[in-house]
Amino acid sequence: MGTSQFDQLTGQFLRAVRDAGGGLGAVCAACVRVLPVRAAAIVLEERDAGMQPWCASDEFADRVESAQATAGEGPAVSAVAHGTPVLVVGLAEDCERWPGFAEALADAPLHGSMLAVPLRLGTIRLGAVDLYRDRAGRPGPRFMSGALHVADLVTASLVLASGEGARQWAQPPASRWIHQAAGMTSAQLGIDIADAYARLRGYAFTHGLSLVQVARRVVDREVRIEPE
């Protein structure tokens with residue numbers, strides 16, 4: 001892409017965010033509107049909890065992001081850890097490098113490909129934007145350059161929101177439940193918060209549930225994580 005094409009993409013993205021009403025959900029929608037993708041999601045790195053989904057543009061993306069959060073591994077986790085984009089050429093057959101992630105998705109009908117692009121500000125790791133394409137396969141250089149530019153725009157949107165208290169994006173309910181459940185588990189078992197998140201993930205994995213489902217049940221006192 002040339003400079004004028006990047007400028008055009010920037011204008012399209014900003015208009016799409018404005019048209020969708022602003023906020024993180026609008027940023028997700030803008031990614032889908034300006035790139036040839038079927039869905040997009042934004043995951044943010046939260047202290048001790050790891051990568052957590054903050055928005056997804058459709059149910060398919062939401063299901064994949066929930067699997068990443070539950071397993072604590074996946075394309076976005078690797079992208080953020082290494083600071084480079086991670087491509088899943090075929091979601092139906094190319095996830096075995098993350099066994100827990102693959103197992104969490106074992107019963108889900110998968111198709112297409114996924115690109116996880118890290119969101120970074122210097123050395124600060126913010127999270128990742130995950131882009132879903134209908135077709136399996138390796139995208140061309142034009143798509144890759146556009147995706148990287150959009151990731152920069154998403155990063156700028158995050159930084160702008162964090163600097164404007166009145167427009168700070170609210171933490172999604174799923175993330176709040178997970179943090180509350182971890183706090184309750186930490187207090188009940190007398191373990192540190194990082195271990196509490198690990199115990200919640202372990203329970204979810206063992207019982208075939210998502211991390212959010214376990215968190216809700218812990219918060220509602222339907223489930224209590226027992227000492228090992």
Side-chain angles (χ1 to χ4, degrees), residues 24-25 28 39-82 86 88 91-110 114 116 118-119 125-130 132 169-228:
L24 203 56
C28 267
I42 295 172
V43 295
L44 300 182
E45 185 169 43
E46 300 183 21
R47 183 175 179 179
D48 296 319
M51 303 297 295
Q52 295 297 324
W54 274 54
C55 70
S57 65
D58 70 5
E59 291 183 6
F60 179 83
D62 185 62
R63 187 162 60 248
V64 177
E65 300 304 336
S66 177
Q68 281 199 101
T70 300
E73 64 179 24
V77 179
S78 295
V80 173
H82 300 295
V86 172
V88 182
L91 277 167
E93 65 280 330
D94 193 31
C95 293
E96 296 309 316
R97 57 189 129 160
W98 305 285
F101 175 60
E103 185 169 340
L105 285 171
D107 296 329
L110 298 175
M114 174 184 176
L119 305 173
R125 307 188 310 185
L126 302 175
V129 56
D130 291 341
Y132 296 86
W169 289 321
Q171 187 180 40
S175 184
R176 293 198 298 270
W177 293 326
I178 292 167
H179 289 306
Q180 186 177 351
M184 292 171 64
T185 301
S186 173
Q188 290 165 356
L189 299 184
I191 58 178
D192 66 35
I193 197 71
D195 287 339
Y197 285 111
R199 295 293 299 278
L200 291 172
R201 279 198 175 90
Y203 186 98
F205 198 76
T206 300
H207 292 81
L209 300 169
S210 72
L211 183 58
V212 175
Q213 288 173 319
V214 171
R216 280 298 304 269
R217 295 179 187 187
V218 170
V219 170
D220 292 341
R221 292 178 169 77
E222 297 174 3
V223 162
R224 181 186 175 96
I225 307 298
E226 298 297 333
E228 290 182 337

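What you see below is based on every heavy atom in this structure, not just the backbone, and it leaves out hydrogens, waters and symmetry mates.
Between Leu44 atom CG and Trp54 atom CH2 the span is 6.0 Å, to the nearest 0.5 Å. Separation of atoms OG (Ser186) and CD1 (Ile191) is listed at 6.0 Å; rounding is to 0.5 Å. Atom-to-atom distance recorded for Leu91:CG and Leu105:CG is 8.0 Å, nearest 0.5 angstrom. Here the CG atom belonging to Leu200 is positioned 11.5 Å from the CG atom belonging to Leu209, to the nearest 0.5 angstrom.
The shortest heavy-atom contact between Val219 and Ala181 is CG2-N, 3.9 Å. The minimum heavy-atom distance linking Ala128 with Met51 is given by the pair N-CE, 4.1 Å. Between Ala102 and Glu96, the closest heavy-atom pair is CB-OE2, 3.9 Å. Across every non-hydrogen atom of Ala79 and Ala116, the tightest pair is CB-O, 3.7 Å. When all heavy atoms of Ala61 and Ala41 are compared, the pair lying nearest together is CB-CB, 4.5 Å. The two atoms that bring Gly72 and Val77 nearest to each other are O-CG1, 3.9 Å, heavy atoms only.
A heavy-atom distance below 4.5 Å is not found between the side chains of Ser78 and Glu73. Between Gln213 and Arg216, every side-chain heavy-atom pair lies at or beyond the 4.5 Å cut-off. Between Pro53 and Ile42, the closest side-chain pair of non-hydrogen atoms is not below 4.5 Å. Contact annotation: the side chain of Tyr132 never approaches that of Asp58 to less than 4.5 Å [non-hydrogen atoms, C-beta and beyond]. Using a 4.5 Å heavy-atom cutoff, the side chains of Asp130 and Gln68 are in contact.
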### Task
Tell me, with the steps shown, if Leu110 and Phe60 meet side chain to side chain contact (heavy atoms under 4.5 Å, CB included).
CA-CA 9 Å; Leu110 298 175; Phe60 179 83; 4.0 Å; yes

### Task
For Leu211 and Arg201, run side chain to side chain contact (heavy atoms under 4.5 Å, CB included): C-alpha distance rounded to whole Å, both residues' side-chain angles, the deciding distance at 0.1 Å, then the answer.
CA-CA 6 Å; Leu211 183 58; Arg201 279 198 175 90; 4.1 Å; yes

### Query
For Arg224 and Gln188, what are the C-alpha separation, side-chain angles and deciding distance, and is it a side chain to side chain contact (heavy atoms under 4.5 Å, CB included)?
CA-CA 9 Å; Arg224 181 186 175 96; Gln188 290 165 356; 3.7 Å; yes

### Val80 and Glu45: CA distance, side-chain angles, deciding distance, side chain to side chain contact (heavy atoms under 4.5 Å, CB included) verdict
CA-CA 9 Å; Val80 173; Glu45 185 169 43; 4.1 Å; yes

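Residue Glu222 places its CD atom among more than 12 non-hydrogen atoms of other residues, nucleotides or ligands, all under 6.0 Å distant. Within a 6.0 Å sphere centred on CG of Asp220, heavy atoms belonging to other residues, nucleotides or ligands number more than 12.
With hydrogens and angles disregarded, no donor-acceptor distance shorter than 3.5 Å links the side chain of Thr185 to the backbone of Ala196. Although no hydrogens or angles enter the test, the distance criterion places a donor-acceptor pair under 3.5 Å between the side chain of Ser57 and the main chain of Ala40. The backbone N or O of Ala69 lies less than 3.5 Å from no partner atom in the side chain of Gln52, so there is not a single donor-acceptor pair.
Sequence neighbours left out, the pairs with a member in residues 180-199 that pass salt bridge (Lys or Arg N to Asp or Glu O under 4.0 Å) are Arg199-Glu228. Listed by first and then second residue, the ring pair (Phe, Tyr, Trp, His ring centres under 6.0 Å) pairs involving residues 204-228 are Tyr203-His207 (not counting sequence neighbours).
Here Arg97 pairs with Asp94 under the salt bridge (Lys or Arg N to Asp or Glu O under 4.0 Å) rule; sequence neighbours left out. Under the salt bridge (Lys or Arg N to Asp or Glu O under 4.0 Å) criterion, Asp62 pairs with no residue at all, not counting sequence neighbours. Scored by the side chain to side chain contact (heavy atoms under 4.5 Å, CB included) test, Ala104 finds Ala67 as partners (sequence neighbours excluded). By the ring pair (Phe, Tyr, Trp, His ring centres under 6.0 Å) test, Phe101 pairs with no residue at all, sequence neighbours left out.
Using a 3.5 Å distance cut-off with no hydrogens or angles, the side chains of Trp98 and Glu103 do not pair a donor with an acceptor.
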